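Reminder, nothing fancy here: chain letters follow the sequence lines and each chain counts from 1. Keep in mind it's a predicted model, so treat the numbers as computed, not measured.
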Amino acid sequence: MTQGITNAATQQEERAGESDLPGLMVRYQRGEAAAIEELVRRLSPGLMRFFSFSQVSTAEAEDLLQNCWLRIHRSRHTYRAAEPVLPWIFAIARHTRLDGYRRRQRRANREVLVADVPEGLPSRPEADGARLNAMELLGRLPESQREVILMLKVSGMSLEEVARATASSVGAIKQKAHRAYARLRELLEKEQ
Amino acid sequence: MSIETPAACRRIDAELDRRFVASTAEVSDEARKHLENCARCQNLYRWIAEQPAASGISPVLSQQIQSQLVASLKPVTPIPAIKVCVLRFLAVFLAFAGALLAMMGVAGLREMSSLQVLGSGALLAGGTVLFSLSLARQMAPGSKRGIPTWLAMALFGGTALGGIILLFPWRTPGTSIALSWECSLRELAIAVPAAALFWLLIRRAPALSPAAMGASVGAMAGLLAVTVLQFGCVYQEALHLLLWHWSVLAISAGAGALLGRFSSQFSPGHAG
């Protein structure tokens, strides 16, 4: 539980530093290199967590992260000053993740058509023991619920921020979170 | 580990529910005591309260991303505020519709009663504001959404259908199919360049939901065409209006959605 408190404190520190993100975004739009370096440094861990929990290998998560930053860079003019930054970032991250998933599906379909899949290949890329449990649990949720949980729990966003990033209402996000939580509770109870 | 009553566990569930949506919420003393003794609740708490192990990124990757972005860093002009975008859409809509009405005439206006003019005017104005707002919000990822695009379209479609049925006489159209078809063709001839014009206004926006964005552009263009013909066509019967005028709005919104979807499939990197 001490570990939990420490991590919660780290998350609070991360959130405390979010207040000047809009300012950094504006400086980034003006072309200040220091601003983008700071944004990459601050936001990449959260984005990496978001991609890592999408049932992909670390290498694929890093590719998604790089791809996401390129998209952020190309879309930087669409950030409106004084708007919250995280929903803007995660709306783009969400689509990067979705496109990555579609690309993997297309590749997998092609590979199945071209040749038989060799036996003994792991169905999922490598993951350490601690993460496997959470990933397994998240993997059993419907996609829309999983996405909400990833943003709320893994990336530490608020309900309002998740609603903006997913273009839905706070009520819908609350409902999805509660349904997901009830399902997770069932799964955790079964595991015992 | 003692076996706790399900009622006590349910109280913990309720507390954890609250914590789940507001991670800063404190756990009560009572809950803390229960957590010390109940393995089931401990397990749940660990999953919910603890942050996943930080997925740090390697300094090399971080450096690589930073240098990639800095290499192509130039100042950009941010897109205007939502209000400004809405006003731009409305201005373009009014200018385009006004120019066409000036050329084609307003024969339809003379055929309508005051109630019909007011009713159809309110419908068209409401639709224009609704779709302008929807487009302006879609231009920036992570914008606050009112109602989802598809729901807005369905609501507007339902209201328009009801409005036309109530406002205009429901009788056999006094036009031949050839003349009615001409109305639809004229609307399509207006909608296509109008869609191109609206697309020009939103071209800098990343198409995160290309189908929804395409549908909104199509709906705006279709609505512009409906507006021009609503005031330009002399056949003001409900059936004629619905079948040959307003159907073009549905067709252009559908075509826009399909085009958006199609274009996104062939440009995987476009979303951003």
Student: Under a 4.5 Å cutoff for heavy-atom pairs, which residue among A:Ile36, A:Leu39, A:Val26 has the most contacts with chain B?
Tutor: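 Of the candidates given, the most pairs with chain B belong to A:Ile36.
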Student: Does any backbone or side-chain atom of A:Arg30 lie under 4.5 Å from a heavy atom of chain B? Answer side chain, backbone, both or neither.
Tutor: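 Contact with chain B involves the backbone of A:Arg30 alone.
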Student: Which bit of B:Thr77 is near chain A, if near means a heavy-atom gap under 4.5 Å: side chain, backbone, both or neither?
Tutor: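 Only the backbone of B:Thr77 comes within 4.5 Å of chain A.
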Student: Which pair of non-hydrogen atoms, one from B:Ala205 and one from A:Thr78, has the smallest distance, and what is that distance?
Tutor: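 Here B:Ala205 and A:Thr78 meet closest at CA-CG2, 4.2 Å.
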Student: Could you pull out the closest heavy-atom pair between B:Pro141 and A:Ala91, with the gap in Å?
Tutor: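 B:Pro141 and A:Ala91 have their closest heavy atoms at CB-CB, 3.8 Å.
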Student: Counting only heavy atoms closer than 4.5 Å, note whether A:Tyr28 contacts chain B via side chain, backbone, both or neither.
Tutor: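 When you check distances to chain B, atoms from both the backbone and side chain of A:Tyr28 fall under 4.5 Å.
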Student: State whether the number of non-hydrogen atoms from other residues, nucleotides or ligands found under 6.0 Å of A:Arg27 atom CZ is greater than 12.
Tutor: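 Above 12, so yes.
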Student: If you count heavy-atom pairs under 4.5 Å between each of B:Thr149, B:Ile82, B:Val70 and chain A, which one has the most?
Tutor: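 Among B:Thr149, B:Ile82, B:Val70, the one with the most close pairs to chain A is B:Ile82.
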Student: Which heavy atom in A:Arg80 sits nearest to a heavy atom in B:Pro80, and how many Å separate them?
Tutor: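 Scanning both residues, the minimum pair turns out to be NE-O, 2.8 Å.
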Student: Heavy-atom pairs under 4.5 Å with chain B - which of A:Pro84, A:Pro87, A:Ala61 has more of them than the others?
Tutor: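 The answer is A:Pro87.
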Student: Measure across B:Ile57 and A:Ser44 and return the closest heavy-atom pair with its distance rounded to 0.1 Å.
Tutor: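 Taking every non-hydrogen atom into account, CD1-CB, 3.4 Å.
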Student: Do the side chain of B:Gln66 and the main chain of A:Glu37 share a donor and acceptor less than 3.5 angstrom apart?
Tutor: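 Here the side-chain-to-backbone pair exists.
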Student: If I measure from the heavy atoms of chain A, does B:Ala140 come under 4.5 Å with its side chain, its backbone, both, or neither?
Tutor: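 Contact with chain A is through both the backbone and side chain of B:Ala140.
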Student: A:His73 side chain to B:Gln68 main-chain N or O, any donor-acceptor pair under 3.5 Å?
Tutor: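 Side chain of A:His73 to backbone of B:Gln68, a donor-acceptor pair under 3.5 Å: no, none is there.
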Student: Which answer fits B:Gln64, side chain, backbone, both or neither, if we ask what part of it has an atom under 4.5 Å from a heavy atom of chain A?
Tutor: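 Contact with chain A: side chain only.
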Student: Name the region of B:Ser72, side chain, backbone, both or neither, that has any atom closer than 4.5 Å to a heavy atom of chain A.
Tutor: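 For B:Ser72, heavy atoms of backbone and side chain both lie under 4.5 Å from chain A.
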Student: Heavy-atom distances under 4.5 Å only: say whether B:Ile65 touches chain A with side chain, backbone, both or neither.
Tutor: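 Interface part for B:Ile65: side chain.
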Student: Which atoms of A:Glu32 are under 4.5 Å from chain B, going by heavy atoms: the side chain, the backbone, both sets, or neither?
Tutor: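 Contact with chain B involves the backbone of A:Glu32 alone.
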Student: Out of curiosity, B:Ile79 CD1 to A:Arg76 CZ, how far, rounded to the nearest 0.5 Å?
Tutor: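 Taking CD1 in B:Ile79 and CZ in A:Arg76, the distance rounds to 13.5 Å.
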Student: Contact between A:Gln66 and B:Leu61 at the side-chain level, heavy atoms closer than 4.5 Å - yes or no?
Tutor: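 Answer yes - side chains close enough.
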